[in-house]
Amino acid sequence: MPGIVGIISQHPAHECEAHIKAMIASMQHEAFYKSGTCSVPQLGIYGGWVGLENSGSQICSNEQKNIILILSGECFLDSEAATGQKLIQLYEQFGQRFFEKLNGLFNGLLIDKRESKVFLFNDRYGSQRIYFHESDDNLYFASEAKALLRILPKLREFDPKGVTQFLTLGCTLDWRTIFRDIHILPGGSLWTFEKGGCRKEKYFSPEIWETQPRLSAADFESRFQETFQKILPRYFSTESKTGIALTGGLDTRMIMACRPQNSRNQISYTFAGETGETLDDKIAARVAAACGIEHKLLRLQPDFFSNFAAHADKTIFATDGCFGISGSHEIYFNRQARELATTRLTGNYGSEVFRGISTFKPLGLSTELFNPDLRKKINSNAGNFSRQKEDPMSFAIFKEIPWNLSGSLTAGRSQVSFRTPYLDNELVSLAYQSPDSIRKSSLPASRLVRACSKSLSEIPTDRGFSGDNSGLKFLCRRIFAEATFKTDYYNNEGLPRPLAAFDPAFKFVASKLKLAGLHKYLHYNNWFRHALAGYLQGMLATPQVRQSSFWNPAFLDRMAGEHIAGRKNHSLEINAVLTLEAIERLLFRELPRNN
């Protein structure tokens, strides 16, 4: 994934510069990546960046060469993405208050030689990660953990608490990682280095938004429509072609309905399975046609399955394991998307920000999978999870998104520049002012679509919403959409464990009634039984898996057989076992140890 690297140290310059080169080499996953380095030995700072061609990643300076900015991601000002030169000018104008004005998803390093200061910072949400390790008076940081593992082999161990959280929830909490002594910089951080010391502060805190007064429903909807249309042009501003990742849902529908009239050079696409069409596929094509935009279906091809081991390893390596084996499709799809457009505009996070939808919960892995000691820790960890959920909106925005949803973002950003309007500062700030009566409602979004494009509002979404959300016809659409969504979910993921014995019969009935496959196109549960059965059996038989201290060997002995035969659904357990195996193999044992 593109990003930054850096070392703050008084070690010899040649040693630090060699480490920077090795860190950058570990992040050069693709031939189309660009990179650069910067050293200021008198301040003990050594940095670099890796970025996609024509992306926001860059290194630049002012005319006097005494202010240097290394940036990964994009910062938006007014109606467009800001250049590095513009950002430096803002810093010269506002000083440290400059960081409060940043809007977007980014991380960066700013070096001010005039003041002998260095600033390490990230976006308000911490969505673009900075991994760091502190040792004595040295700080090592990078957008990818493997850059630290490359130069600091002593860190190539699992963190016991991090692994426990990962196996409980599918991610780590509290800016912890699964790697020993490596942490993640919290969102909104501003670390200032000067005179041999480090001041760790935050330029933004969620309380600023939480304490805003609530608006009435009418005032909120008026402000919502005004604000969304105001900020959206920022995300269409690019000299390169924009690819709109179109679905059948409301979040991308709002983008299409409010699309700037003068926007050009666009194409839309939808990720799809090997065959057939989901509601997303069908609805997205109708929306694109109504807008006069070319639309493509990007499908899983036979090579995805025949070369699955390579796709899985690439996913684990590129995302540092925060996206598991069951996310192996993401880079595959985004590589196809890159062939159409290097910038990807999505509706990601709209549901979390504006409708309070959360998928963050304990995984519920079979306790038989673990060794006895790990089993106790996971049971205890799952019981304490509810304490994390205090303010639901702040939890979703500032914890769930950067902790639990970072995997798909990281994988996608390895191929394309990623944009979403739903984490825009102005829009998220407004979301905190929504009244309780409509905080989890889809009506403001539906009304926005209708106000901006009557033709698009008349195309029902995948969940049954349209311009007229009342009456018997609407009720029937909603019942059908929710029933098929639930049916598809259980057909894909399997029935709950107490009902697992009825799973084959349920799938048979769902297929006969043609209720399956309307919403879901990813079927890892089924793939591990058929197309990927050989891969699964081979991986579970390796010594690294068999000898791991995490697992109960007796459960591993029967896991593949039970899953492939269809007697039980072990897809979550399979993902956990194979993901940790790949992390240990790729990031601990096989990562080069020399510079």
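If you read the sequence from its start, that first residue is 1, and numbering goes on from there. Quantities reported herein were computed from a predicted structural model and do not represent experimental measurements.
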[Y] side chain reached by [X] side chain, heavy atoms, under 4.5 Å:
X	Y	value
Leu155	Phe179	no
Asp303	His311	yes
Met23	Leu148	yes
Pro421	Leu345	yes
Leu591	Leu586	no
Leu250	Phe354	no
Leu580	Phe166	yes
Val5	Met27	yes

Will you find, in the side chains of [X] and [Y], an N or O donor that is under 3.5 Å from an N or O acceptor?
X	Y	result
Thr484	His519	yes
Asp280	Thr278	no
Thr247	Thr252	yes
Tyr140	His19	no
Ser358	Glu400	yes
Asp281	Tyr521	no
Arg253	Thr461	no

Salt bridge (Lys or Arg N to Asp or Glu O under 4.0 Å) evaluation trace for Arg546 with Asp557: CA-CA 9 Å; Arg546 307 295 306 171; Asp557 287 338; 2.3 Å; yes
Not counting sequence neighbours, which residues clear side chain to side chain contact (heavy atoms under 4.5 Å, CB included) with Asp251? List them please. Met254, Ser351, Arg355, Tyr422
Backbone N or O of [Y] within a donor-acceptor pair of the [X] side chain at under 3.5 Å?
X	Y	value
Thr410	Thr319	no
Lys146	Phe317	yes
Asp159	Gly162	yes
Arg176	Ile184	no
Asn569	Ser571	yes
Thr420	Gly347	no

Excluding sequence neighbours, so at least two apart, what forms side-chain hydrogen bond (donor to acceptor under 3.5 Å, both in side chains) with [X]?
X	value
Ser442	none
Glu584	Arg589
Asn307	none
Ser127	Asp123

Identified side chain to side chain donor-acceptor pair (under 3.5 Å) counterpart of Gln415 within the set Arg338, Glu339, Glu30: Glu30
Looking at [atom1] of [X] and [atom2] of [Y], how far apart are the two atoms once the value is rounded to the nearest 0.5 Å?
X	Y	atom1	atom2	answer
Glu144	Leu149	CD	CG	10.5 Å
Asn122	Ser72	CG	OG	11.5 Å
Ser406	Asp320	OG	CG	9.5 Å

In this structure, is the centre-to-centre distance between the rings of His329 and Phe308 below 6.0 Å? no
Determine whether the aromatic ring centres of Phe588 and Phe158 lie less than 6.0 Å apart. yes
Paired with His570, the ring-ring contact (aromatic ring centres under 6.0 Å, His included) test is passed by just one of Phe528, Tyr524, Phe555, namely Phe555
Given the options Tyr349, Trp403, Tyr125, Phe398 meets ring-ring contact (aromatic ring centres under 6.0 Å, His included) only with Tyr125
Within a reach of under 6.0 Å around NZ of Lys314, are more than 12 heavy atoms found that belong to other residues, nucleotides or ligands? yes
Should we count NZ of Lys241 as having more than 12 external heavy atoms under 6.0 Å? yes
Could you check Asp313 against Arg585 for salt bridge (Lys or Arg N to Asp or Glu O under 4.0 Å), going step by step and ending with a plain yes or no? CA-CA 10 Å; Asp313 282 359; Arg585 171 168 48 87; 3.0 Å; yes
How far apart are the C-alpha atoms of Arg129 and Cys322, what are their side-chain angles, what is the distance that settles it, and do they pass the side chain to side chain contact (heavy atoms under 4.5 Å, CB included) test? CA-CA 11 Å; Arg129 292 187 168 185; Cys322 65; 4.0 Å; yes
Less than 4.0 Å between a side-chain N and a carboxylate O, is that true for Glu330 and Arg344? yes
In a check of side-chain contact (heavy atoms from CB on, under 4.5 Å) between Phe323 and each of Thr315, Thr579, Leu409, which one passes? Thr315
Before you tell me yes or no, could you show the steps for Met393 and Val353 under side chain to side chain contact (heavy atoms under 4.5 Å, CB included), namely the whole-Å CA-CA distance, both residues' side-chain angles and the distance that decides it to 0.1 Å? CA-CA 7 Å; Met393 181 170 286; Val353 174; 5.9 Å; no
Hey, mind stepping through Leu300 and Trp527 against side chain to side chain contact (heavy atoms under 4.5 Å, CB included) and telling me if it holds? CA-CA 12 Å; Leu300 293 173; Trp527 296 340; 3.4 Å; yes
Residues 268-275 side chain polar contacts: donor-acceptor under 3.5 Å, at least two apart:
residue: Ser268; atom: OG; partner: Glu294; partner atom: O; Å: 3.2
residue: Ser268; atom: OG; partner: His295; partner atom: ND1; Å: 2.8
residue: Thr270; atom: OG1; partner: Leu246; partner atom: O; Å: 2.7
residue: Thr270; atom: OG1; partner: His295; partner atom: NE2; Å: 3.2

